[in-house]
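Heads up: the structure comes next, in structure tokens.
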Amino acid sequence: MPDPLPSIDPNRRPPMTPRIALVPDQQGRGGRLQRLTEQGEPVGGVLTARDLAAAVAELEAAERPRWVWAAAESAYVPLLAELPDRLGRCHDLRLVEPLLLGHEGRWGAPRSLGAAWARLRGLPVPDDLPEAGAAEAQDSLFAPDRLQLPPGTDPLTAVLAVHAEQQRRLGAFEDAAERSRFRLLVAAESAGALAAAEMAAAGLPWRAEVHDAMLTELLGPRPTVPGTQPARLAELSVRLQQALGSKPFNPDSHTQVLKAFADQGIRLSSTRVWELRGIDHPAAELMIRYKELSRIHSAHGWAWQDAWARGGRFRPEYVVGGVVSGRWASRGGGALQIPRVLRRAVVADPGWRLVVADAAQLEPRVLAALSEDAALARSAAGGDLYQALAATAFHGERDKAKLGLLGAMYGQTSGDIGPLLAILRQRYPVAMGYVEAAARTGEEGGIVRSRLGRSCPPPSDAWLDLTEAAGGEGEQGPRSARARGRFTRNFVIQASAADWALALIAALRRRLAELPDHPHLVFFQHDEVIVHTPAELAEQVVSAVTESAAEASRLVFGPTPVQFPMSTAVVECYADAK
DNA sequence: TTCGCACGCGCC
DNA sequence: AAAGGGCGCGTGCGAA
């Protein structure tokens, strides 16, 4: 019986894509290949390749298979520089294993190839190694074998067995629609592994001289002696001490700052900027300015540039599935937290452009599609969702519509948001009922899942003890129960938005590969992508983005009146995109 | 000296 | 006036 939803497939020939397992040699450039059926049965013999990249490139061109490997870090990254074209599809065992474990309620079980192999064979299951950054792996001549296989185990044998087992578990979903969506999740997560490796290799174009000029303007010239404070910070530090009439103190120390203000009779509960803003004292403004500049210096200053943005590219490392909701995390350089002010340094190469695209109001649209609330879907049928919501329910007051909807998705209860939530509940009972049901499930210790089937973590033992002890007393249950309710309430939306974004990335990288001259993804941040492209292809890239968003919507949500518009900009500099 | 935590702020 | 989901990371600081 055909699945009700198609899987991601460039040639629209689902679902029988040829599969080839790929295992590189421990050293050298060779490796082994094994053709597989969909179920993971070997077909024919093992092919040994002296030049793995050449063999892979040839098979990719001829068959467009789905490559099966233990992990992209070990199987794809080393090949990347030698392949003439990107690979189209893969099944990444290391990423699929935790998706399956989570769905099976075996959250937290070790996820390496070796662990999956051990479970299959009834062997002692090795713990996962702590995550290692790329720099760490490169520095070590004897990088640990991250596959965690028992000594003497043939990696190809383990890859084949674990892959067959994963395919069996995927096929074991009883509900056909659920199975189909989870298969899509597996394909999309694996596509994420390809995209992440490619983006790390490409890097985000970064003009060090622009960055340097900005730092110099804000902070003063780069200190020649490492470890000394830039001039502006040192000046502010002195002026702070004068303003507070205090002995020298370290403005980076919360305790010392609190004490210095307290000596002036100003009692602060923290040194947060919003709290300082309410203080009528010259030192407060100086402190705020100091924190602004100090933050830029320590988080994205010259040291950061030396470490992460050399050779005209910022090269972070993306961690696919690094957040439980399915959002990506990053390791090194704070890739997902580039301050807006520094976007001036992100500049396309000469003759090239940046296509900056973000999904407008993604999360409320996801809520509309998930909950199938017809009234909310009408507001999400295009254009400005908050404005449409305001026109319908908030007398045109957009701010109130936005605040209310965000509050509903995050579980906010306090402040003057109550009346807004009441209006939303009355006008959009289906959508509000959806998030409230998710919250109740969480409060009761249950599990919720994203649209494609990514599971949230179960409550911890400590949480169970706490809520047990509280015995459901109190108006809304104990604090920890309500906190978990907020988490699961948000999880269904954030994780489903991540599902959609992964599908977008998968579709977009496929469409980009069809264009000449390799426009390529260089940045991905939750609901935003940047493509670096030859200028003459920019409009085609914009079309590819728009089409990919429509494809992602169709794949993840099926037929829905909800639109997921992308706002796109073709620019030379990232800072000009908004 | 090293490690882990709290804080605070950057991004979504 | 503060508030409410998810992260990474630099700094200070006390414990080990």
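Lettering of chains follows the sequences in order, A, B, ..., and the numbering in each one begins at 1.
Regarding Phe314(A), its CZ atom lies at a distance of 11 Å from the C1' atom of dG8(C), rounded to whole Å. One interatomic measurement links the two molecules: CZ of Arg343(A) to P of dG10(B), which rounds to 13 Å at whole-angstrom precision. If you take CG of Leu258(A) and P of dC7(B), they are 11 Å apart, rounded to a whole angstrom. Whole-Å rounding puts the Glu275(A) CD to dC7(B) C1' distance at 13 Å. In this structure, CD1 of Ile296(A) is placed 15 Å from C1' of dC9(C), rounded to the nearest angstrom. Taking atom CD on Glu363(A) and atom P on dG5(C), their separation rounds to 13 Å, with Å as the unit. If you take CD1 of Ile338(A) and C1' of dC12(B), they are 13 Å apart, rounded to a whole angstrom. Across the protein-nucleic acid pair, Trp304(A) atom CH2 and dC9(B) atom P stand 21 Å apart, rounded to whole Å.
For the pair Thr271(A) and dG8(B), the criterion of a side-chain N or O lying under 4.0 Å from OP1 or OP2 is met. Listed pair Ser253(A) / dT11(C) fails the phosphate criterion, with no side-chain N or O lying under 4.0 Å from OP1 or OP2. Side-chain nitrogen and oxygen atoms of Arg327(A) include none within less than 4.0 Å of the OP1 or OP2 phosphate oxygen of dC7(C). Between Asn490(A) and dG4(C) there is no side-chain N or O to OP1 or OP2 distance below 4.0 Å. For Gln256(A) and dC13(C), the shortest distance from a side-chain N or O to OP1 or OP2 is below 4.0 Å. Taking only side-chain nitrogens and oxygens, Lys291(A) never comes nearer than 4.0 Å to OP1 or OP2 of dG8(B).
Nearest nucleotide to the side chain of Arg486(A), out of dG4(C), dG10(B), dC9(B): dG4(C). Listed nucleotides: dC9(B), dG8(C), dT11(C). Nearest to the side chain of Ser298(A): dT11(C). Taking every side-chain heavy atom of Gln337(A) into account, dG10(B) is the closest of dG10(B), dG10(C), dG5(C). For Val324(A), the side-chain atoms get nearest to dC7(C) when compared with the rest of dG4(C), dC7(C), dG10(C). If you check dC13(C), dC9(B), dC12(B) against the side chain of Asp527(A), the one that comes closest is dC12(B). Comparing dC7(C), dC9(B), dG4(C) against the side chain of Tyr410(A) picks out dG4(C) as the nearest.
Heavy atoms of Gly333(A) sit under 4.0 angstrom from primed sugar atoms or phosphate atoms, though from no base atom. Residue contacts for Arg489(A): at a heavy-atom cut-off of 4.0 Å it reaches no nucleic acid atom on any strand shown.
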Could you give the side-chain donor-acceptor pairs of residues 259-272 of chain A under 3.5 Å, partners two or more places apart or in another chain?
from: Lys259(A); atom 1: NZ; to: Asp263(A); atom 2: OD2; distance (Å): 3.4
from: Gln264(A); atom 1: NE2; to: Leu244(A); atom 2: O; distance (Å): 2.7
from: Ser269(A); atom 1: OG; to: Glu275(A); atom 2: OE1; distance (Å): 3.0
from: Ser269(A); atom 1: OG; to: Glu275(A); atom 2: OE2; distance (Å): 3.1
from: Ser270(A); atom 1: OG; to: Arg272(A); atom 2: N; distance (Å): 3.2
from: Ser270(A); atom 1: OG; to: Glu275(A); atom 2: OE1; distance (Å): 2.9
from: Thr271(A); atom 1: OG1; to: Lys291(A); atom 2: NZ; distance (Å): 3.4

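Heavy-atom nearest nucleotides on DNA chain C were determined for Arg272(A) and for Thr255(A), and the one closer to the 5' end corresponds to Arg272(A). When each of Gln494(A) and Asp416(A) is assigned the nucleotide of DNA chain C with its nearest heavy atom, Asp416(A) is the one assigned upstream, toward the 5' end.
Between the side chain of Arg295(A) and the base of dC9(B) there is at least one donor-acceptor pair of N/O atoms closer than 3.5 Å.
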**Request:** Please test Val273(A) against Arg277(A) for side chain to side chain contact (heavy atoms under 4.5 Å, CB included), starting from the C-alpha separation and ending with a verdict.
**Result:** CA-CA 6 Å; Val273(A) 167; Arg277(A) 271 202 239 283; 3.3 Å; yes
**Prompt:** Step by step, would you call Arg425(A) with Glu436(A) a salt bridge (Lys or Arg N to Asp or Glu O under 4.0 Å)?
**Reply:** CA-CA 10 Å; Arg425(A) 248 181 244 117; Glu436(A) 277 158 20; 3.0 Å; yes
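For Arg353(A), the side-chain hydrogen bond (donor to acceptor under 3.5 Å, both in side chains) criterion is met by no residue, not counting sequence neighbours.
Between Tyr318(A) and Trp328(A), the ring centre distance stays below 6.0 Å.
Counting heavy-atom neighbours within 6.0 Å of Glu209(A) CD, excluding the residue itself, gives a total above 12.
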